[in-house]
Structure formats: structure tokens, C-alpha cells
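Take a look at the structure set out below.
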Amino acid sequence: MEYNFRAIEKKWQESWTRNSVYKVNTDPSLPKYYVLDMFPYPSGAGLHVGHPLGYIASDIFSRHKRLKGFNVLHPMGYDSFGLPAEQYAIEHGIPPAVSTAKNISTFRQQLDKIGFCYDWSREVQTSDAGYYKWTQWIFLQLFGSWYNRKTQKTESIDGLEKIFSTAGNAAHECPGDRKLVFSAEEWSAYSYKEQQEILMQYRVAYCGYGEVNWCEALGTVLANDEVINGVSERGGFPVVRKKLRQWYLRITEYADRLVSGLDTVDFSESMKEMQTNWIGKSYGAEIDFKLVSGELKDGHVLKVYTTRPDTIFGVDFMVIAPEHELVHQITTSGQQAAVDEYLAYVNSRSERERMAEKKITGTFTGAYAVNPFDGREIPVWISEYVLAGYGTGAIMGVPCGDERDHKFANYFNIPITNIIGSYYDGVEANATKDAMLENSGFLNGIVMRDAGAIVIARLEEMGIGQRRVNYKMRDAAFSRQRYWGEPFPIIWKDGVAIPLPESELPLMLPHLDDLRPGPEGEGPLANVPNWKEHGGGVREVNTMPGYAGSSWYFLRYMDPQNDSAFCSREASDYWNQVDLYIGGTEHAVGHLLYSRMWTKALFDLGYLGFDEPYKRLVNQGKIGGDSRLVYRVRGTNTFVSAGLKDGYEADELHADVNMVNGFELDTEAFIKWKPDFDGAQFILENGKYICGSRLEKMSKRYFNVVNPDDIVERYGADTFRMYEMFLGPVEQDKPWDTKGIEGVHRFLKKVWRLFVDEEKGKVLVTDAEPTAAEWKALYRMIKKIDEDTERFSFNTAVSTFMIGANELSDLKCHKKQVLEKFAVSLAAYAPHMAEELWQILGKEGSVLNSPWPAVEEQYLVETSKVYPVAINGKTRTELSLSLDATQHQVEELVLADQTVQKWLEGKAPKKVIYVKNKMINLVV
RNA sequence: GCGCAUGUGGCGUAAUUGGUAGCCGCGCCAGACUUAGGAUCUGGUGUUUCACGACGUGGGGGUUCGAGUCCCUCCAUGCGCACCA
């Protein structure tokens with residue numbers, strides 16, 4: 001009766017399914033705990049051993065919380081809309097729905113083998129009509145809302161219409177077109193269409209023209225977080241800036257709350273940092289400079305944004321972005337040719353080139369801007385280093401205080417004004433705020449730090465500037481010119497977007513065989529006239545981006561079958577925030593920000609009772625591959641062992657890690673691996689072919705992928721689970737190393753032998769009363785497992801298990817009372833074995849339904865302890881002391897000790913440091 | 001360049017609060033049982049030294065009776081951001 005993990009795991013997995021052991025219900029009489037994994041995109045590649053790391057951690061934590069008496073919600077689902085399935089369909093002719101379903105099924109099979117405690121009755125798939133009905137519904141709520149900056153809340157657009165008709169928009173600056181101002185009378189005089197266009201500029205989900213990231217290869221626009229270094233995140237295709245009509249989410253209105261909300265949640269510092277940087281809040285001023293130019297008449301101003309209004313007397317030039325609207329108006333005829341040439345150059349550079357090589361370029365426009373305080377005329381330049389999308393797309397150049405401005409001035413020989421005295425050395429700019437201002441008119445003698453406020457006050461007085469907060473974050477592009485996503489529940493009639501009534505949701509995605517793009521950069525849905533034309537208008541043919549469905553999925557799990565609401569208030573009030581969210585760092589600025597924003601909007605609109613979705617976020621590390629390398633002597637079919645390769649001119653090739661035992665290559669398998677290697681010869685060292693190794697990403701390309709199925713087949717799911725945890729802290733990146741798994745496997749076999757005599761094939765469990773030593777070993781282990789698990793230190797918990805098993809094994813403890821509690825404590829980490837042991841002990845039902853074993857502290861209490869006694873930190877002797885001795889008693893005992901007296905030579909110590917349970921130190 | 005994180009045996013790692021550094025596992029060494037072992041079990045294993053001892057947590061400095069832990073500084077690695085005015 002050896003430890004037959006294959007039979008045991010199969011048996012219990014079937015039993016769990018049959019008895020719906022993991023089904024949970026809303027039950028207000030029980031405390032709840034919500035453990036969530038970032039749901040996967042079901043790709044066709046299948047899982048490697050790195051993927052389940054976070055799932056295993058969350059599974060252990062969920063089971064542990066359940067043993068501790070919580071009603072645990074631990075669901076799983078699929079982010080099943082998205083680009084790759086559509087690309088795959090175009091390349092292979094398999095409809096996205098079909099390939100997605102197949103991938104999900106593979107995925108599920110792999111997951112099931114690991115023995116997770118997901119409540120699959122709550123599974124969601126974002127591409128299900130029953131799910132995306134509510135994605136569309138939430139979109140309509142966002143479309144039907146605006147962000148009231150006065151109340152800092154998402155509010156109904158109907159309320160805004162009422163405000164407009166009674167008071168115009170004086171109190172509510174238009175977030176789209178800031179110059180738009182109208183009175184109540186003017187509002188009433190606008191046509192219906194004009195009114196709708198204005199409202200559109202206030203909506204939280206809105207449609208507008210704007211610069212977007214257009215990816216030609218993917219045939220769609222992308223959000224900023226989907227573009228990395230000028231190329232698409234998916235596929236690495238070039239991305240260009242393009243003006244298009246697109247849907248957006250007005251996430252910028254939530255910027256402040258997205259930053260301040262981080263104080264209320266438990267995310268890692270680096271994660272908070274990333275989000276804060278992405279949002280990029282900065283404080284400064286907007287200043288109007290009067291423009292003078294040969295071609296221009298009065299009244300034109302150049303609006304710049306600066307975070308350093310205190311440096312205004314140091315302005316030596318202005319720079320506007322090449323795309324700035326004033327470029328053409330202010331350029332003088334003398335500079336026209338130079339400007340045209342420069343603009344042509346800028347247009348010829350792709351976004352990618354621009355980012356890759358940062359050259360100092362630019363040209364003078366011929367125009368001047370007037371410094372409002374000293375009347376200096378300042379040349380206005382164009383340069384690509386100024387970004388059109390940030391601030392006003394124009395800056396004031398202060399070379400002595402800004403590195404980039406300094407380089408620019410030097411490059412173009414613009415004279416530099418020094419306003420910071422000795423702080424500026426003439427060689428490098430100095431961005432200090434500590435300098436006392438010079439050459440700065442009315443600011444002379446004032447420290448820079450204090451001057452900003454004075455300048456702003458003066459500007460406001462003069463009506464040519466004001467305090468301004470800016471964000472790096474842009475509104476999020478929300479439409480995609482693709483097929484495999486949620487259709488927008490919008491109909492366009494005479495240029496006005498009409499929301500579909502709720503009763504017509506879901507708006508089903510029609511089946512399409514042909515996924516070619518539609519005309520004029522529209523998506524494939526534009527090719528389907530009888531779908532597109534509807535009710536006297538045309539449907540929106542774009543679809544929603546991948547992050548639409550994932551922005552709220554954690555809510556749907558709470559109430560997955562509800563057909564009359566995305567999630568009932570009853571369910572969301574009970575399950576509330578996600579207590580623990582586990583996933584990778586790659587979603588730091590995409591999914592995490594969007595879902596936080598959606599939660600805030602739904603909260604404002606009264607659909608939720610909380611406005612931060614995730615109470616605690618843990619980012620699991622990535623598991624890398626440990627590749628194996630072989631060395632082929634150039635031009636031959638001979639391979640040289642790693643230790644001898646330096647004597648040859650050899651090329652490095654990857655060998656499949658599955659053909660290598662440790663570092664020793666299975667040459668037979670290698671020869672059979674690829675036709676190329678047929679008849680290969682090997683130059684061996686000590687009779688073995690030793691491979692080289694390298695740590696790199698786990699990828700098919702490097703033949704270093706380890707499939708969890710293989711590991712589970714060979715060692716069992718329980719061993720796999722515990723080994724993944726044993727590898728190191730969950731949050732740390734680490735390489736996979738199959739070798740060490742034996743140790744964990746041995747542990748489980750050792751546990752098995754506490755219960756069963758393998759040779760004689762009988763159960764060893766006895767009813768004898770445990771000894772104090774046995775209780776102590778058990779309780780020490782249980783107490784520490786609990787602590788380790790609660791503080792997410794799963795690797796030390798596994799070590800603790802091993803120590804416990806070693807101790808009980810040494811004590812030959814086969815006693816039922818001890819083993820019962822042992823089995824329960826194992827239920828989170830090795831659930832299959834725990835169930836089997838539970839059954840061996842003659843218990844009914846699932847071990848998961850028993851409470852976490854109470855620790856009887858009296859067995860852990862030590863009455864006396866041997867203390868090292870040190871003089872000035874140096875250990876001199878040891879003393880056995882009663883643990884409940886007072887400090888005074890300790891001192892007396894120590895001083896009475898002969899060895900101590902000898903060392904002290906009759907003198908009294910200055911201080912006696914008594915470190916509880918650790919040591920006693922005498923300071924002399 | 002800026003920001004954040006991390007540096008401990010041959011390897012993965014451990015070390016409540018500053019309190020005997022190296023738990024647990026891998027690997028390695030020795031042994032037991034075996035026809036056999038890539039099975040199981042026992043013991044050993046930071047460096048150095050015959051030994052007593054000395055040294056030892058990336059380098060240097062500091063605080064302290066006492067530092068892997070706190071402070072300063074330098075170095076290395078990883079991640080994120082990268083013309084955001």
C-alpha cells in the first residue's frame with residue numbers, strides 16, 4: 001500500500017466534482033472572504049509550470065481561510081474576447097468562438113489536474129452573451145453619465161441637461177472643449193443635434209475625434225498601455241499617431257481619485273508607484289504670452305504650461321509642438337520654407353524612430369512671444385521634443401533651470417539668461433528650487449520655492465494665467481476596429497448617438513465568416529449591412545477593447561446567473577471588496593486602473609457600496625526557464641560536452657530540457673529528436689555529455705518549457721503544489737528547477753508512512769494517548785503553518801511541514817489524535833492526500849469542513865530555558881532559568897552564578913539586558 | 001538619466017522586536033540494507049585550521065554591550081518609466 005498519488009488524486013477530484021464541495025452561497029450569517037485570481041486569456045499555447053504559481057497560492061489561501069471558518073468566494077473564468085483569437089481566425093479560418101472554446105477546454109483540463117477549489121458554477125466568460133449583456137449595460141451607464149468636478153462624482157447626464165437649461169455651463173467647464181461657454185438661453189437656442197454634441201463632450205464614455213495609436217498591421221487603434229516603445233504590445237507591430245473618430249473613457253476625470261485611492265489599499269509600493277507615475281499628476285501654471293509676428297495681428301496668445309512659474313524671468317525661447325494649431329498662423333514668410341522642411345522631416349519619422357534616437361532638432365518660426373513682466377521678446381521655435389498631447393503643447397524654455405532646454409539653447413546658440421546666480425555653472429542646467437532669484441524683476445531676492453505662488457497670483461490678477469494641474473494619463477481609447485469584442489449598444493441617427501434601450505440587450509455579436517476589415521478603417525461588422533442598418537439609423541460597428549469585459553468581472557462572480565442586474569446589491573454588499581487579488585505585474589497600468597475606475601463610477605451611481613475593488617493585491621513572480629545548451633562543432637554533426645567546448649569552434653544550440661537529466665544529455669533521445677541530429681557524434685567528458693545552461697524566459701523557442709501535466713503525472717498534484725510554493729517567496733521571480741522536487745515528494749511519502757505501513761499494507765493508526773513530546777511537535781507545526789500561511793509565506797510553511805513530519809516520524813507517532821489534526825493542517829497544501837488520510841482515519845465527508853485545529857498552548861509552554869549569559873555581548877556561560885522569573889529574580893540568579901562572578905571580578909555590571917527567551921547580557 | 005526593489009553556503013532559501021547567522025530542501029561525502037539502485041534509511045556538509053581558534057550575510061564607514069536586520073556611502077543585478085516642461 002504505497003503512496004499511489006495517481007489513484008488518490010483522481011478519486012478525490014471526481015468526488016469533489018460529484019459532491020459540489022466547492023460551491024459557495026451568499027450567507028450573511030458567515031464572515032466572507034473573497035480570493036480572486038486574475039482570470040486568464042485562453043491562449044492556444046497551454047500552461048507551463050509558471051502559470052499556476054499564483055493559482056496555487058490563492059488556492060492554498062482560500063482553503064486555509066475556509067478551514068478558519070470563512071465563507072470563501074474563489075471563482076475562475078476567462079477573458080475570452082480579444083485580438084489573438086481573431087488573428088488566429090484570419091490565419092487559420094477557425095472562428096474565434098470555436099478556437100476560444102477549445103482553448104478553454106484545454107485550459108480547464110490542465111487546471112483540474114492540479115486540484116483547485118474553484119466554484120466552477122460561478123465561471124464567467126467575457127464573450128458569453130449573458131456576460132457581455134452587462135458589459136454593454138455598464139457602458140450605457142457610463143455613456144449616460146458625466147463627471148461632476150464640483151461633487152467629484154459620476155452623475156447622470158440628465159441632471160447636467162437641467163443645469164444647462166437653467167444656468168448654462170458657467171459652473172461646469174467643458175472637459176472636451178475648454179473654450180466652450182454658453183448661457184441657459186444659448187443652450188435652449190441650440191438645435192437638438194448641437195445640444196447632443198455638447199453633451200457628448202461631457203459624457204464619461206464619449207465619442208470624439210482625437211489622436212489615437214493606430215496599428216496598421218492589427219487594423220485597429222490601441223490604448224496607450226497597449227503600446228510599448230512605439231510598437232503594439234501584441235505582435236510588436238508599428239504604431240502611428242492618427243486622427244480618428246473614436247470612443248473614449250474619460251478616465252482623466254478620475255485621476256485624482258485613482259491616486260488618492262491607493263492610500264486605502266494594500267498594493268506593493270512598486271505597484272502604487274507605477275500607477276502614480278502613469279497618472280503623472282503635476283502642479284503648475286498655465287501662462288498666456290502675447291504673440292508678435294510679421295503675419296499676425298493683435299490678440300493671439302501662446303498658452304504654455306509650466307511647473308516652474310518661478311523661472312519666468314529666465315525664459316529665453318518658446319517651443320511649440322510640430323502639431324500645434326498655431327504653427328501655420330505664426331510662421332513668418334521668411335521662415336516658411338524652413339518650417340515646412342522641418343514639418344516634413346518630423347512627419348517622416350515614425351513614433352518608434354523618434355523614441356529610439358533622441359536628437360535635438362527644431363526650427364525658428366520667426367514669431368516672438370512677449371514676456372508679460374519685462375516685455376522681452378522671446379523667439380518661438382518648433383521642436384519635436386515638445387509633445388502635442390501634454391499640457392498645452394507649448395513650453396517656455398528656461399535653459400539655466402532645465403536640462404532639455406539647456407541642450408536646446410546650446411545647440412541653437414540661443415543666449416542663456418542666468419536667474420539663479422552661482423547655482424548655474426554655465427555648463428549644466430540646475431533644476432534647484434533653493435536658489436535666490438536674480439535678474440528676475442520683482443522676484444529678485446526671493447527663494448524660488450516661494451516665488452511660484454507669487455507669480456501665479458500676479459498672473460491671475462492680470463488675467464493672463466492661472467494655477468493648473470496636469471496629468472500624463474490620457475483618456476482611454478475604448479473602440480477597436482475588430483470583430484471579436486462586445487458590440488456597442490449604440491445607433492447613430494443623423495450624427496447623434498442613441499443608446500439602445502436596456503430591453504434590447506444583449507446586442508448580440510453576429511456570426512461572421514469573413515473577418516476582413518470594413519471600408520474606411522472600420523471593423524468587419526461594417527461589412528454586414530443587415531446588421532449595421534437598424535431602426536432608421538446605423539449601428540456603431542466598432543467593438544469594445546479587451547479591457548471592457550475584464551474591468552468588472554470580479555463583480556459578476558458574486559452573482560453570475562443574475563439576468564436582471566449585473567450583480568445584485570445584496571450580493572455585492574455581502575461579498576464586497578476582493579480581499580486578496582493575485583496576478584502578474586503586467587496589468588499594473590491597464591486592467592487595474594480601468595477596473596478601479598469602473599468601480600468608482602458604479603459606486604458613484606449607487607450600484608455598489610465600495611469604490612475600490614481590490615483590498616489587497618499580491619503580484620506573483622514569474623517562473624523562468626533553465627535552458628540546456630549543446631555545442632556543435634562548426635560544420636560538423638559532432639557535439640562537444642560543455643567542459644571541453646573551449647577547445648573547439650562550436651555553435652551553441654538549445655536542447656530540449658526534457659531530454660536532459662540534470663546537466664547530462666540523453667544522447668539517444670537527442671539523436672532521435674530532429675532529423676538534423678541523425679547520426680550525431682558526441683565528444684564526452686567522463687563518459688557523459690554535459691550541457692551548458694542559461695536562465696531565460698520559459699518559451700517553446702528555447703525548448704525549456706516544463707509542462708505541469710508532466711510533473712503532475714510523475715509526482716502528483718500535491719507534490720507539484722507544494723514544490724511550487726517551496727521554490728521561494730510567491731512574489732519573487734525564480735527559475736524552474738525540477739531536481740528539487742524529490743525532496744517535497746519524499747516529505748509526502750513520509751507523511752503517508754505515518755498513517756500506513758507500506759510493506760505490510762496495513763493502517764498504523766492507533767488510539768493510544770499522545771505523549772507531550774508528540775503534542776508539542778504537532779502544535780508547534782500547526783501554529784507556525786497558520787502564521788506562515790496568513791502572512792503569505794508559503795515557502796516557509798512547506799519547510800515547517802517537513803520539520804513536523806520529521807519530528808513525528810522520529811517519534812514514530814502513529815496516534816490518531818495527532819494524525820487527525822495533522823491531516824486537517826495539510827488540507828490547504830496537499831488537498832488530495834489530506835482527504836485520503838481523513839478517510840483512512842475513518843472520518844466522514846471532506847476534511848475541508850473541519851475547523852482549523854486549535855492549538856493547546858500548554859504543550860508549547862516551556863517552564864525553563866537555558867539562557868546564554870554574555871558579558872558585553874560575548875557569551876561566557878549558560879544558565880537554566882525559570883521562564884516566569886521576574887527581571888529582578890533573573891538578575892539575582894545571574895549575579896549569584898560563580899562563573900559570572902569570576903568574570904565580573906567583584907564589580908557590579910552597569911546594566912543587565914534581559915532579552916526575553918533569548919539571552920542575558922551584562923554590560924560592564 | 002529618474003524611480004522602485006534585491007544582494008546570505010556549490011544551489012533554492014530561512015532567521016518575530018537589533019539578541020547564538022545558515023532552518024528546510026537540493027547537491028555532495030560517508031555508512032546501513034540490498035543481486036541491483038536514479039529505492040529507502042542513518043550520519044556529515046559556510047570558509048580556514050591537525051587542533052584550540054579565527055573569519056564569515058556585495059564593498060567601505062557609522063550607531064550599539066550586540067547589526068543579515070538601523071543610518072551613511074559606494075558597487076552589482078533585476079524591474080518600471082523614459083523628452084510629461
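Chain identifiers are assigned alphabetically (A, B, ...) following the order of the sequence lines, protein sequences preceding nucleic acid strands; residue numbering begins at 1 within each chain.
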Say we look at B:U48 and B:A67: how far apart would their C1' atoms be, to the nearest angstrom?
24 Å
Check the angle between the aromatic planes of A:Tyr390 and A:Tyr305 and answer parallel, tilted or perpendicular using the 30° and 60° thresholds.
perpendicular
Reckon A:Arg714 touches a base, only the sugar-phosphate, or nothing at all at heavy-atom distances under 4.0 Å?
base
When A:Ala394 and A:Ser809 are each assigned the nearest nucleotide of RNA chain B, the 5'-most assignment goes to A:Ser809
How would you label the contact of A:Pro735 with the nucleic acid (heavy atoms, under 4.0 Å): base, sugar-phosphate, or nothing?
nothing
How are the rings of A:Phe408 and A:Tyr385 set to each other: parallel, tilted or perpendicular (split at 30° and 60°)?
tilted
If we ignore angles and hydrogens, is there a donor and acceptor under 3.5 Å between the side chains of A:Asp256 and A:Tyr471?
yes
Might you work through the side-chain contact (heavy atoms from CB on, under 4.5 Å) test for A:Trp736 and A:Leu727, ending with a clear yes or no?
CA-CA 8 Å; A:Trp736 175 263; A:Leu727 235 32; 3.8 Å; yes
Between B:G7 and B:A51, how far apart are the two P atoms, rounded to whole Å?
33 Å
Polar contact flag, side-chain donor to acceptor under 3.5 angstrom, A:Tyr342-A:Thr361:
yes
Any donor-acceptor N or O pair under 3.5 Å, side chains A:Ser699, A:Asn704:
no
Atom-to-atom span, OH of A:Tyr471 to P of B:C81 - whole angstrom:
21 Å
Which whole number of Å gives the distance between the C1' atom of B:G19 and that of B:C26?
31 Å
Whole-Å gap separating C1' (B:A39) and CH2 (A:Trp752)
18 Å
Can you measure A:Lys734 atom NZ to B:U77 atom C1' for me and round it to whole angstrom units?
18 Å
Distances under 3.5 Å only, N/O to N/O: pair up the protein atoms with those of nucleotides 28-35 of chain B.
none

Distance between C1' atoms of B:G37 and B:G56 (Å, rounded):
39 Å
Taking CD from A:Glu787 and P from B:A15, how many angstroms apart are they, rounded to a whole number?
12 Å
Is there a side-chain contact (heavy atoms from CB on, under 4.5 Å) between A:Ile287 and A:Ile312? Walk through the geometry before answering.
CA-CA 10 Å; A:Ile287 306 175; A:Ile312 190 157; 3.9 Å; yes
Sorted by position of nearest nucleotide on RNA chain B, 5' first, the leading residue of A:Asp810 and A:Ser793 is A:Ser793
Rounded off to whole Å, could you give me the CG-to-P distance for the A:Asn795 and B:G12 pair?
14 Å
Going by the rule side chain to side chain donor-acceptor pair (under 3.5 Å), which residues pair with A:Arg468 if we only count those two or more places apart in sequence or in a different chain?
none
Atom P, compared across B:C4 and B:G59: separation rounded to whole Å:
24 Å
Stepwise side-chain contact (heavy atoms from CB on, under 4.5 Å) test for A:Val49 and A:Phe720
CA-CA 9 Å; A:Val49 289; A:Phe720 176 63; 3.9 Å; yes
Starting from C1' on B:C79, measure out to CD on A:Glu731 and report it in whole angstrom.
14 Å
For RNA chain B, report each stem as range with range, ordered by first number, or say none. Use Watson-Crick or G-U wobble pairs under 3.5 Å, at least 3 in a row.
B:1-7 with B:75-81, B:10-12 with B:24-26, B:27-32 with B:40-45, B:46-48 with B:53-55, B:58-62 with B:70-74
Taking atom P in both B:G18 and B:G68, what distance in whole Å separates the two?
13 Å
side-chain N/O A:Asn470 vs B:A85 OP1/OP2, d < 4.0 Å:
no
Between the protein and nucleotides 2-4 of chain B, are there any N/O to N/O pairs under 3.5 Å, and if so, what are the atom names and distances?
residue	atom	partner	partner atom	Å
B:G3	O2'	A:Glu273	OE2	2.5

As a test of the definition: with a 90° window around 0 for syn, would you call B:G9 syn or anti?
syn
When you check the phosphate oxygens OP1 and OP2 of B:A85, does a side-chain N or O of A:Tyr390 lie under 4.0 Å from one of them?
yes
Remember a base hit wins even if backbone is also touched, and classify A:Val319 as base, sugar-phosphate or nothing at under 4.0 Å, heavy atoms.
nothing
P-based separation of B:G80 from B:A14 [nearest Å]
23 Å
We want to know whether A:Asp316 and A:Thr417 form a side-chain donor-acceptor pair, criterion being a heavy-atom distance below 3.5 angstrom.
yes
Who pairs with A:Tyr829 by ring-ring contact (aromatic ring centres under 6.0 Å, His included), at least two apart in sequence or on another chain?
A:Phe801
Can you tell me, in whole Å, how much space there is between the C1' of B:C72 and that of B:U63?
11 Å
Here the distance between atom P of B:G12 and atom CG of A:Leu727, to the nearest Å, is 11 Å
Examine A:His745 together with A:Phe5 and report whether their ring centres are nearer than 6.0 Å.
yes
Just N and O in the side chain of A:Ser282: are any of them under 4.0 Å from OP1 or OP2 of B:A85?
yes
Identify all pairs in which a protein N or O lies below 3.5 Å from an N or O of nucleotides 24-27 of chain B, and state each distance.
residue	atom	partner	partner atom	Å
B:G25	OP1	A:Asn806	ND2	3.3
B:C26	OP1	A:Arg746	NH1	2.1

Between C1' on B:C79 and CE on A:Met271, what's the gap in Å once rounded to a whole number?
11 Å
Is the centre of the A:His406 ring less than 6.0 Å from the centre of the A:Tyr411 ring?
no
Answer yes or no: is there a side-chain heavy-atom contact under 4.5 Å between A:Val265 and A:Leu617?
no
Take a 6.0 Å sphere around NZ of A:Lys734 and say whether it holds more than 12 heavy atoms from other residues, nucleotides or ligands.
yes
Looking at A:Arg6 and A:Glu713, does any basic side-chain N land under 4.0 Å from a carboxylate oxygen?
yes
At under 4.0 Å, does any side-chain N or O of A:Arg753 touch on OP1 or OP2 of B:U40?
no
